[in-house]
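Throughout, protein chains are lettered first and strands after them, A, B, ... in sequence-line order, and every chain is numbered starting at 1. Heavy atoms only: backbone and side chains are in, while hydrogens, waters and symmetry mates are out.
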Protein chains: 2
Amino acid sequence: MVDRVAPAGTRGEQAVDRVHAVLRAEILDGVRPAGSRLREEEIAEAQGTSRTPVREAIRRLAGDGLAVLAPRRGAEVVAWDEEDLDELFDLRVLLEGHAAARAATSGRADTARLSELCDRMEALRRPTGDRDYAEITRLNLAFHREVHRAGGRRVLPDLVARVVEGPLVHSTLRRYSPDRLDRSFAQHRDLVAAVEAGDAEWARAVMTAHLRAAREVVRAAVPLSVPAPT
Amino acid sequence: MVDRVAPAGTRGEQAVDRVHAVLRAEILDGVRPAGSRLREEEIAEAQGTSRTPVREAIRRLAGDGLAVLAPRRGAEVVAWDEEDLDELFDLRVLLEGHAAARAATSGRADTARLSELCDRMEALRRPTGDRDYAEITRLNLAFHREVHRAGGRRVLPDLVARVVEGPLVHSTLRRYSPDRLDRSFAQHRDLVAAVEAGDAEWARAVMTAHLRAAREVVRAAVPLSVPAPT
DNA sequence: CTCCTCGTGATTGTGCACAAGGTAGAGCGC
DNA sequence: GCGCTCTACCTTGTGCACAATCACGAGGAG
């Protein structure tokens with residue numbers, strides 16, 4: 001995460017993209033906890049740019065639903081309460097279920113790729129360290145993204161991303177017991193089978209079950225971001 | 001649409017909000033057709049501000065899904081093809097159906113307000129001019145928004161807005177025959193009844209039927225954007 | 001005649017400075 | 001002692017200027 005601080009724009013990458021990515025990662029990793037303010041100048045200094053790209057990046061984060069803006073008072077990291085998380089999860093089930101159903105009949109699903117992702121996840125079924133968990137998370141995300149892509153042309157993937165890439169969902173897999181991890185991988189295989197069979201309702205049911213199980217794991221585990229064990 | 005051009009920020013309103021609202025209206029009204037470019041300087045001049053707020057407004061539009069950004073090449077109004085519209089409509093049915101179902105059981109639905117909106121729409125059941133259609137559209141939007149609000153706390157209303165406030169959906173009601181308009185209003189009444197009864201699946205079914213009927217009207221009618229019969 | 005290359009114009013990306021507004025703190029009055 | 005008000009600072013909002021990059025067209029070579 002060092003990044004060239006000096007030239008700040010030497011490469012083709014746009015500064016605003018860099019800032020956006022960094023802030024996003026910091027929020028998702030909990031470095032910037034829910035409710036913490038996003039001061040433009042502080043971020044600009046840390047990133048080695050001026051306030052202009054930082055402003056844009058913050059607005060984009062707000063558009064992604066990761067920050068909230070108050071006029072003349074700046075932005076802060078969005079804070080979710082228990083009910084919000086329930087709503088989020090419901091919508092995730094709805095949209096990802098829809099995506100799975102569509103993927104089964106759209107004929108645009110790359111089942112070979114899905115199977116390969118399953119293979120690679122199962123190769124890590126007994127993760128030993130952070131690197132393994134990170135890799136599984138990456139693969140899992142890629143798997144779901146492939147389903148989204150196959151289930152919708154333009155709108156659905158964006159919409160789903162908004163709901164999936166929310167809080168804590170990020171590091172959910174870390175909380176899975178080895179047993180639950182196996183079952184999760186098995187559900188992935190079921191989903192591939194449903195898609196290959198072209199059975200929309202089967203695919204929707206598998207995805208629904210898959211996500212509801214995930215919700216239970218998160219529910220059972222303790223706090224959200226900010227401790228606040230109230 | 002004249003707006004104070006001179007002081008450009010005298011009132012408490014933020015310039016960026018003004019620009020955003022104006023551009024949004026222009027896109028939805030077809031003044032800026034799909035595919036047309038959004039040049040910052042031109043807009044800035046027309047709005048009487050500098051490029052800075054215009055940039056922000058354009059980025060926000062892109063976040064809303066109304067414009068697409070190309071790095072270093074500017075932004076243009078999003079263009080939808082037939083398949084995109086199908087996808088959009090499917091998601092609208094899914095999300096608004098979900099919202100209706102939730103509204104029926106959440107206990108947060110203001111059925112008095114819904115009924116009143118029905119009353120006011122039915123008072124205009126034989127619209128005579130643009131003003132009537134505009135008013136019906138406003139009331140219809142308020143009705144649906146109330147359902148969204150009652151069906152979700154934070155995420156759902158935003159998500160639905162993204163799908164509903166797309167292209168052409170705006171002026172759909174203008175294409176309804178008097179007969180279809182009556183049936184549409186009747187469906188609104190049914191929805192209120194379902195919500196009052198607390199029957200989630202009934203509410204979902206009514207909303208689904210309501211929207212599918214709307215899709216048919218749009219399908220039967222002719223072109224997409226760029227109507228510009230003026 | 002066609003294709004490649006180079007130059008020119010136009011448009012966006014970034015940095016910086018000033019203005020407007022809000023918040024927090026201290027001081028004063030009740 | 002408590003509450004109000006006013007002031008000073010801090011942060012964001014806007015305008016403007018320069019730099020970077022891309023598209024288009026003209027010119028020349030093959």
Minimum-distance nucleotide (side-chain atoms of Arg59(A) versus dT14(C), dG13(D), dT14(D)): dG13(D)
Rounded distance (nearest 0.5 Å) linking atom CZ of Arg154(A) with atom CD of Glu87(B): 8.5 Å
Asp158(A) side chain to Val155(A) backbone, donor-acceptor under 3.5 Å: no
Check the interface with nucleotides 6-10 of chain C: list each N/O to N/O pair with the protein under 3.5 Å, or write none.
none

Residue whose nearest DNA chain D nucleotide is more 5′ - Glu41(A) or Thr52(A): Glu41(A)
Separation of atom CD in Glu40(B) from atom C1' in dG15(D), rounded to whole Å: 14 Å
Interatomic distance where CD belongs to Glu56(B) and P belongs to dT12(C) [whole Å]: 16 Å
Residue pair Leu69(A) / Ile58(A), side-chain heavy-atom distance below 4.5 Å: yes
Residues Glu83(A), Arg108(B): salt bridge by 4.0 Å N-O rule: no
Under 4.0 angstrom between Arg72(B) side-chain N/O and dA19(D) OP1 or OP2: no
Sugar-phosphate only, base, or nothing, as touched by Leu38(A) at under 4.0 Å among non-hydrogen atoms: sugar-phosphate
Between dT11(C) (C1') and Glu45(B) (CD): distance, integer Å: 14 Å
Selected nucleotide, minimal atom distance to Ser50(B) side chain, candidates dT12(D), dT14(D), dG15(C): dT14(D)
Rounded distance (Å) that lies between atom C1' of dG15(D) and atom CD of Gln14(B): 15 Å
Parallel, tilted or perpendicular, as decided by the 30° and 60° cut-offs, for the rings of His144(A) and His188(A): perpendicular
Integer-rounded Å distance: dT14(C) P and His20(A) NE2: 14 Å
Sugar-phosphate, base or nothing in reach of Arg73(B), heavy atoms under 4.0 Å: sugar-phosphate
4.5 Å side-chain heavy-atom contact, Leu91(A) and Arg162(A): no
Interatomic distance where CZ belongs to Arg37(A) and P belongs to dT12(D) [whole Å]: 6 Å
DNA chain C: 5'-proximal contact among Pro71(A) and Val16(A) (nearest heavy atom): Val16(A)
Separation of dA19(D) C1' from Arg51(B) CZ (nearest whole Å): 12 Å
For atom CZ of Arg18(B) and atom C1' of dT14(D), their distance in whole Å: 12 Å
Arg55(A) vs dG15(C): side-chain N/O to OP1/OP2 distance below 4.0 Å: no
Full working for salt bridge (Lys or Arg N to Asp or Glu O under 4.0 Å) between Arg113(B) and Glu116(B): CA-CA 5 Å; Arg113(B) 177 167 154 73; Glu116(B) 189 211 325; 5.6 Å; no
